[in-house]
Protein chains: 2
Amino acid sequence: MDEIFKALASEPRRRILRHLAIEPMTVGEIADNFEMAMPSISRHLSILRAAGVVREQKRGQYVLYMLVADRLTAPLYDFLTDFSEQAREIVETRPRRRGRD
Amino acid sequence: MDEIFKALASEPRRRILRHLAIEPMTVGEIADNFEMAMPSISRHLSILRAAGVVREQKRGQYVLYMLVADRLTAPLYDFLTDFSEQAREIVETRPRRRGRD
DNA sequence: TTCTTATTTAGCTAAATAGCAAAATAATAA
DNA sequence: TTATTATTTTGCTATTTAGCTAAATAAGAA
């Protein structure tokens, strides 16, 4: 949980997530949307990956990154339960966990 | 928005918010729940205040801090709209802004 | 006034973070 | 094989952050 909030405490990383919410992209495609040098993007991606909110898939010489939406939204809704009735409803009616951690 | 995510990227600060979700508390009362020295708590509070998620009220020699729940939840739901249909519903049906910024 | 209590500010150090350019890896192309 | 392209890792510097103690402020009590 702490790792996810740390990951989100960066405008570039939140922006990367918004891009990946549209469709999976390679590192280079992601980087095209930023001024930042590619190694910096790569570093941001590794932080997002460590937090579990994106996952990578080797595609030849490319690396395709894709959002793991649940791993992003679930902890945020969990956090919100202490502050919002609507979040409590969402979390209560949540389908039971499917994937591995 | 960036300020709020930065504010939330700290376990002690999230914990403070959870305490204030129960009831308003003075700095000393908050500090009693932590190992941390009071100046550190005070610093955390000033970061939360700058982000707008808590507000202070002088009560004699005490300073009472209270949560401003909307200022915490609204930006998070806004962020979530790009990743969650449920957040989009919440934001769409949200009553129009009331307070000052 | 002086004393005490509550809180904030200042000044410091250690650790974490973000960015870069250059070097290393990994895969494809020639 | 060598060369090229895509990505990650390394090594660096500058900035930010979190915590501390000590000092400053502010209010209440004596």
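Scope of the values below: all heavy atoms of this structure, side chains included, with no hydrogens, waters or symmetry mates. Proteins come first, then strands; the chains are lettered A, B, ... in the order of their sequence lines, and each starts at number 1. Bear in mind the structure is a predicted one, so any value in this text is a computation, not a measurement.
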Between C1' of D/dT5 and OH of A/Tyr62, the distance in whole Å: 7 Å
Atom-to-atom span, CG of A/Asp32 to C1' of D/dT7 - whole angstrom: 14 Å
Length of the line joining B/Ile41:CD1 and C/dT8:C1', which is rounded to integer Å: 13 Å
Within 6.0 angstrom of B/Glu85 CD, more than 12 heavy atoms from elsewhere: yes
Interatomic distance, B/Leu45 CG vs C/dT9 P [rounded to whole Å]: 11 Å
Any B/Tyr65 side-chain nitrogen or oxygen under 4.0 Å from OP1 or OP2 of C/dA6: no
Distance, rounded to the nearest Å, where B/Glu11 contributes CD and D/dG19 contributes C1': 16 Å
Protein proximity profile, nucleotides 14-24 of chain C - base contact B, sugar-phosphate-only contact S, no contact -, cut-off 4.0 Å on heavy atoms: ---SSSBBB--
Gap between atoms CD and P, on A/Glu56 and D/dA6 respectively (whole Å): 17 Å
Other ILVMFWY residues reachable from A/Met66 by side-chain steps of under 4.5 Å: A/Leu64
Distance-only side-chain donor-acceptor flag, B/Ser40 / B/Arg43, under 3.5 Å: no
Other cluster members, A/Ile22 - Ile/Leu/Val/Met/Phe/Trp/Tyr, side-chain contacts below 4.5 Å: none
Note: A/Asp70-A/Arg97 ion pair, threshold 4.0 Å (strictly below): no
Protein-nucleotide distance (A/Gln61, atom CD; D/dT4, atom C1'), rounded to Å: 8 Å
Heavy-atom pair of closest approach, residues A/Arg94 and A/Asp78: NH2-OD1, 2.5 Å
A/Leu64 CG - D/dA6 C1' separation (whole Å): 13 Å
Pairwise 5' ranking along DNA chain C for B/Ser46 and A/Lys58, keeping only the more 5' one: B/Ser46
